[in-house]
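Here's the structure we're looking at; comments come further down.
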Amino acid sequence: MLSVELIDSLFPADLPSPAHWESWYPARTLPGGAEVTRFAPSPTGWLHIGGIFTAGVNQDIARHSGGRYVLRVEDTDRERFEEGALAQFEAGFEYFGIAADESDAAGGGYGPYTQSQRAAIYETYARELMRQGKAYPCFETPAQAEARVARQKAAGALPGYYGEWAIWRDAPEDQVRARLEAGDPYVVRFRSPGVGGARVSYTDLIRGEISADDNRNDVVLLKRSDSESRLPVYHFAHPVDDHLMGVTLVIRAEEWISSVPLHHQLFDALGFPRIPYAHVAPLMKQDGGSRRKLSKRKDPEASVGYYIEQGFPAEAVVYYLRGLANGRLAELPLPQALAEPLRLREFGVAGPLLDMVKLDDISADYVATLPGAEILDRVLTWAQVYDKDLASVVSAERELALRALAVEREGAENKRKDLRKWADFRPVYGFFFPEIFELVTDPSDARFGGLAPDLVRAMAAGFAAGYVEPGPDVEWFEQIRSLAGSLGFALRQKDYKKDPDAYPGSIADAAAVIRVLITGSRQSPGFTEVAAALGRAEVLRRVRALS
RNA sequence: GGCCCCGUCGUCUAGAGGCCUAGGACGCCGCCCUCUCAAGGCGGUAACGCCGGUUCGAAUCCGGUCGGGGCUACCA
């Protein structure tokens, strides 16, 4: 065992003691049953959508138990740190309505909530562990570590720093001193009490009893001594922070399950009471024949930014995610499902596939419940950031936009479900706005479905010549019908199907000509209402655009 | 390689030994409505990975096997 004098020389002389931090962060006084949870993302770019999922779960459990939800930033990896990530986190949490009760931004008595600002705390506990002989300095270089792992693999041994491979674990003091005097950098490693062959088990709040080999790896606690500030690795920061912050329940992703034996050893060595765990399944992605973890690198829909940029309503996304967590909630109507508490016991244990088609469906249903004015407001809010042209056109013609959105929506028994996300507005309703509508001028345009150009011209000309505006006593579509009839189109689909050669097309084809001219597409909301919303002049301008 | 987790329709799931001829939702297919699309109505397609055991009886319990995922970093 290293002398206290040597150990202390490794740390600042004024480093506080554990007792200092314990009293600095007093025990919480919360009602019985209240859970303190936390979400601890790493600032490496946009949050993974799974992060919104996990954060939402943590917040929900805290809120419904009368506890606190803490947001902690785990920025101990300088290499992967991305400037701007924090702002993106904030944007993501705000968009999805997941506000932390405690964080650097929200305040709270257990901060700072950013790990890089807690370096002294980790050092205190690292020194304490060393003083007790539960941790030690290790001078193995990265290159040596690599070589060690290669030798272990060749020898058929488990990779890791343990047993005979842990050469600094019991190194004599003068050897350590010599390296220190030479100025060699070192890491602080945990002296794991695990022995080969030992088994441990614990109860996961979602999965129940889980057993595994005990940890016997002397993991790194504090990274290289020659980095700017000596920061901890996750495994060490986790027990220290969660203990000091008074966290009572750790809900995190499944990939941490195999680290639980290590984490328990650390809690024990530190003298902290263990904290219960709940490990949630990761979101998956279908990839060819198999499935894999949804990856931010490969899958655009893995990034929270995607949902924001596309303008998926947060309510729909959250509802979908909650349904994935608790199947029970997926069967409930949205407002109810959002209000119901999540129950850990009901969580699925298998990683669900993210189904964007299902999300589309949920989202379309949700948007259909919104009044036109609200849809417009939200489209505008979105467009001001992601489609500025649309934003200026639409806000200049607010009344028209409202009329457009009212079609088959206001007072309709079955409301249109053609908007899944705000980015859909332009392709679906853009034609209502003259400024961004592109006139159709070519009679042989593919959108006319291969109809003879002469017929297309005749339809357009006839329609324009006798145009009657929609009104209370007007059977508006009748003018298309009679025009189509006089040009020889089959007036009933059935007739046309029976004998396609006898007609140039059916009434549907004839109507399509007018539809394409007016809306630029073969598909659109109700014809009559569209014409009414556009007004006589604009309808005629578009129909007459044909050269 | 070692250890861990998981395995019901294409997808999300209900199912905790007889209520299962396996239910619902999304998708898909068909029909109806119809000037197109969306919506809506009606109907249909489709699953307990496999093999053994326990039991009068198994999707449900046990074992094995196969498949998928995770961990095995001075990343989290």
Side-chain angles (χ1 to χ4, degrees), chain A residues 40-44 74-77 79-80 115 138 140-142 145-146 149 153 156-160 185-189 199 204 207 210-213 215 217 219-225 227 230-235 237-238 252-262 279 281-282 284 286 289-293 320 323-324 326-328 330-331 348-362 364-365 368 408-409 412-419 428 449 476-477 480-481 484 491 493 506-512 514-516 519 521-528:
Chain A
S42 208
T44 56
E74 311 224 320
D75 61 343
T76 55
D77 186 355
E79 307 271 302
R80 295 202 312 158
Q115 286 180 159
C138 165
E140 184 182 60
T141 65
E146 214 173 294
V149 171
K153 280 186 179 157
L158 258 34
Y186 63 91
V187 298
V188 174
R189 296 195 99 110
R199 301 280 297 174
D204 187 281
R207 289 153 199 276
I210 291 176
S211 53
D213 286 345
N215 171 68
N217 200 9
V219 296
V220 169
L221 262 23
L222 250 32
K223 300 181 188 184
R224 264 179 102 91
S225 54
S227 47
R230 241 184 323 177
L231 290 171
V233 298
Y234 174 89
H235 297 122
H238 153 52
R252 55 161 33 170
E254 184 194 55
E255 67 231 44
W256 294 111
I257 287 185
S258 15
S259 305
V260 170
L262 196 218
H279 289 96
M284 308 295 281
Q286 187 75 246
S290 68
R291 46 174 67 189
R292 45 156 240 260
K293 225 165 88 173
Y320 174 58
L324 246 31
N326 275 195
R328 184 183 106 249
E331 310 285 325
V349 286
L353 235 38
L354 194 65
D355 185 348
M356 295 306 282
V357 175
K358 175 97 180 182
L359 208 213
D360 276 349
D361 176 75
I362 287 171
D365 274 346
E408 289 172 46
R409 197 180 311 271
E413 209 176 314
N414 298 315
K415 299 185 192 301
R416 282 195 81 76
K417 294 188 179 172
D418 48 7
L419 252 26
V428 177
W476 193 85
F477 191 73
I480 293 177
R481 182 184 297 277
L491 293 184
Q493 289 274 32
S506 75
I507 177 70
D509 299 308
I514 305 302
R515 183 183 302 280
V516 166
T519 70
S521 164
R522 291 181 73 89
Q523 292 124 247
S524 82
F527 231 157
T528 313

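The chains referred to below are lettered A, B, ... by the order of the sequence lines, with proteins before strands, and numbering in each begins at 1. Keep in mind that this is a model prediction, so the values were computed, not measured.
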For a side-chain contact (heavy atoms from CB on, under 4.5 Å) check, start with the C-alpha distance between A:Met284 and A:Leu354, then their side-chain angles and the critical distance, and finish with the verdict.
CA-CA 6 Å; A:Met284 308 295 281; A:Leu354 194 65; over 6 Å; no

Trace of the side-chain contact (heavy atoms from CB on, under 4.5 Å) decision for A:Glu408 with A:Lys415:
CA-CA 6 Å; A:Glu408 289 172 46; A:Lys415 299 185 192 301; over 6 Å; no

Passes side-chain contact (heavy atoms from CB on, under 4.5 Å), A:Asp509 versus A:Arg522? Steps please.
CA-CA 9 Å; A:Asp509 299 308; A:Arg522 291 181 73 89; 3.9 Å; yes

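Computed from coordinates, the A:Trp476 CH2 to B:rU36 P distance equals 14 Å when rounded to whole Å. Taking atom CZ of A:Arg416 as the reference point, atom C1' of B:rA38 lies 4 Å away to the nearest angstrom. Rounded to whole angstrom, the span from the CH2 atom of A:Trp256 across to the P atom of B:rG70 amounts to 14 Å. As a whole-Å value, the separation of A:Asn217 CG from B:rC3 P is 16 Å. Rounded to whole angstrom, the span from the CG atom of A:Asp77 across to the P atom of B:rA73 amounts to 15 Å. In this structure, CE of A:Met284 is placed 14 Å from P of B:rC6, rounded to the nearest angstrom. In this structure, the CG atom of A:Asp360 is 16 Å from the C1' atom of B:rC28, given to the nearest Å. B:rU34 atom C1' lies 14 Å from atom CD1 of A:Ile480, rounded to whole Å.
A stacking contact between A:Phe527 and B:rC35 is absent: the pair does not combine a ring-centre distance of less than 5.5 Å to the base's six-membered ring with planes differing by less than 30°.
With a 4.5 Å cut-off on side-chain heavy atoms, A:Asp361 and A:Asp365 count as touching. Considering only heavy atoms from C-beta on, A:Asp418 comes within 4.5 Å of A:Arg409 through its side chain. Within the 4.5 Å cutoff, the side chain of A:Leu221 has no heavy atoms near those of the A:His235 side chain.
In this structure, B:rA16 forms no base pair with any nucleotide, since neither Watson-Crick nor G-U wobble geometry is met with both distances under 3.5 Å. B:rC61 and B:rG53 make up a base pair, with Watson-Crick or G-U wobble contacts both under 3.5 Å. Using N1 to N3 plus N6-O4 or O6-N4 for Watson-Crick, or N1-O2 and O6-N3 for G-U wobble, each under 3.5 Å, B:rA25 pairs with B:rU11. In this entry B:rC3 has B:rG70 as its Watson-Crick or G-U wobble partner, both defining distances falling under 3.5 Å. Under the Watson-Crick and G-U wobble criteria, each requiring two contacts below 3.5 Å, nucleotide B:rG40 is paired to B:rC32.
For the C1' atoms, the distance from B:rA22 to B:rG17 is 15 Å, rounded to whole Å. For the C1' atoms, the distance linking B:rC51 with B:rC26 amounts to 34 Å, nearest Å. A distance of about 15 Å separates the C1' atoms of B:rG64 and B:rG7, rounded to the whole Å.
With hydrogens and angles ignored, no donor-acceptor pair closer than 3.5 Å exists between the side chain of A:Arg207 and the base of B:rC5.
Position along RNA chain B of the nearest nucleotide to A:Val220 versus A:Glu255 favours A:Glu255 as the more 5'-ward residue. Comparing A:Ser211 and A:Asp361 by the nucleotide of RNA chain B whose heavy atom lies nearest to each, the residue mapping closer to the 5' end is A:Ser211.
Using a 4.0 Å heavy-atom criterion, one finds that A:Glu408 contacts the bases of the nucleic acid, with or without backbone contacts as well. Residue-level contact check: A:Arg199 touches the backbone only, with heavy atoms under 4.0 Å from sugar-phosphate atoms and none from bases. No contact: A:Ser506 has no heavy atom under 4.0 Å from any strand. Heavy atoms of A:Ser524 sit under 4.0 angstrom from at least one base atom. Contact annotation for A:Val187: base contact, defined as any heavy-atom pair under 4.0 Å involving a base atom. Residue contacts for A:Glu140: at a heavy-atom cut-off of 4.0 Å it reaches a base atom on one of the strands shown. Counting any heavy atom pair closer than 4.0 Å across all strands shown, A:Ala212 reaches sugar-phosphate atoms only and no base atom. Note on A:Ile257: only backbone sugar-phosphate atoms sit closer than 4.0 angstrom, heavy atoms only; bases stay farther off.
No side-chain N or O of A:Thr44 forms a donor-acceptor pair with one of A:Arg80 less than 3.5 Å apart.
Note on A:Lys417: a side-chain N or O is less than 4.0 Å away from OP1 or OP2 of B:rG40. Residue A:Arg481 places at least one side-chain N or O under 4.0 Å from the OP1 or OP2 atom of B:rC35.
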Protein N or O to nucleotides 9-14 of chain B N or O, pairs below 3.5 Å:
| residue | atom | partner | partner atom | Å |
| --- | --- | --- | --- | --- |
| B:rC12 | OP1 | A:Arg291 | NH1 | 3.4 |
| B:rC12 | OP1 | A:Arg291 | NH2 | 3.3 |
| B:rC12 | OP1 | A:Leu353 | N | 3.2 |

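Checked by atom type and distance alone, the side chain of A:Ser506 pairs as donor or acceptor with a backbone atom of A:Ala508 at under 3.5 Å.
Ring planes of A:Tyr234 and A:Trp256: parallel class, angle under 30° (limits at 30 and 60°).
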